[in-house]
Amino acid sequence: SLIADQHVEVTHDLIAQRAIESLTEREHEVFELVAKGMTNDEIGDALFIGKATVKTHLNRCFSKLAVRDRAQMVVLAYESGVLRPGRHQP
């Protein structure tokens with residue numbers, strides 16, 4: 001039913017929002033930069049951290065956000081409003 005579908009969508013959105021809020025400040029920066037299409041090397045350069053540290057933050061993001069890859073992370077960033085079409089630059 002429509003009401004059940006809306007409930008599932010609202011519940012999913014709330015869970016996603018709470019997952020995003022659970023990220024540390026640095027993890028959130030990595031999340032945004034991944035969503036903008038940056039590579040691990042580019043993220044490391046932008047944040048002045050090493051490649052291994054980027055991978056650590058990225059893996060924590062995957063876990064906390066319950067996504068399995070960068071593509072799902074990008075979708076989540078747009079669906080949650082962290083990024084909006086046409087409003088970012090790598």
Side-chain angles (χ1 to χ4, degrees):
S1 77
L2 181 60
I3 293 174
D5 290 344
Q6 288 175 337
H7 175 72
V8 168
E9 187 174 321
V10 169
T11 301
H12 177 267
D13 291 348
L14 184 59
I15 291 169
Q17 193 58 43
R18 287 197 176 143
I20 292 167
E21 289 171 0
S22 77
L23 299 176
T24 65
E25 185 176 339
R26 183 61 91 183
E27 289 166 351
H28 198 278
E29 290 173 319
V30 169
F31 171 48
E32 285 188 29
L33 296 175
V34 166
K36 291 178 179 180
M38 293 178 79
T39 65
N40 288 359
D41 287 338
E42 291 169 335
I43 292 168
D45 291 344
L47 300 178
F48 304 101
I49 58 177
K51 194 173 188 176
T53 304
V54 172
K55 287 182 181 182
T56 297
H57 290 309
L58 191 55
N59 285 325
R60 288 183 182 156
C61 288
F62 287 154
S63 178
K64 288 181 179 183
L65 299 174
V67 297
R68 63 179 177 264
D69 56 31
R70 294 170 93 95
Q72 286 187 335
M73 195 178 287
V74 172
V75 170
L76 179 61
Y78 280 99
E79 287 182 346
S80 65
V82 169
L83 291 182
R84 294 189 306 189
R87 304 244 174 141
H88 73 277
Q89 292 185 12

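What you see below is based on every heavy atom in this structure, not just the backbone, and it leaves out hydrogens, waters and symmetry mates. Treat the numbers as computed from the prediction; the structure is a model and nothing was measured.
With a 4.5 Å cut-off on side-chain heavy atoms, Arg84 and Tyr78 do not count as touching.
Looking at residues two or more places apart in sequence or on another chain, you find a side-chain hydrogen bond (donor to acceptor under 3.5 Å, both in side chains) between Glu29 and Arg26. With sequence neighbours left out, Ala66 forms a side-chain contact (heavy atoms from CB on, under 4.5 Å) with no residue at all. Val30 pairs by the side-chain contact (heavy atoms from CB on, under 4.5 Å) definition with Val34, Ile43, Leu47, His57, Leu58, not counting sequence neighbours. With sequence neighbours left out, the side-chain contact (heavy atoms from CB on, under 4.5 Å) criterion links Ala19 to Leu65.
Separation of atoms CG (Leu23) and CZ (Phe31) is listed at 7.0 Å; rounding is to 0.5 Å. Distance CG/Asn40 to OG1/Thr53: 11.0 Å, rounded to 0.5 Å.
Within the structure, salt bridge (Lys or Arg N to Asp or Glu O under 4.0 Å) contacts touching residues 15-24 (residues at least two apart or in different chains) do not occur. Screening residues 49-71 for salt bridge (Lys or Arg N to Asp or Glu O under 4.0 Å) gives Glu27-Lys64, Asp41-Lys51 as the qualifying pairs, with residues at least two apart or on separate chains.
Taking each heavy atom of Ala35 and Leu83 in turn, the nearest pair found is CB-CD1, 3.3 Å. Closest approach of Ser80 to Leu76, counting heavy atoms only: OG-O, 2.7 Å. Across every non-hydrogen atom of Glu32 and His28, the tightest pair is OE2-CE1, 2.8 Å.
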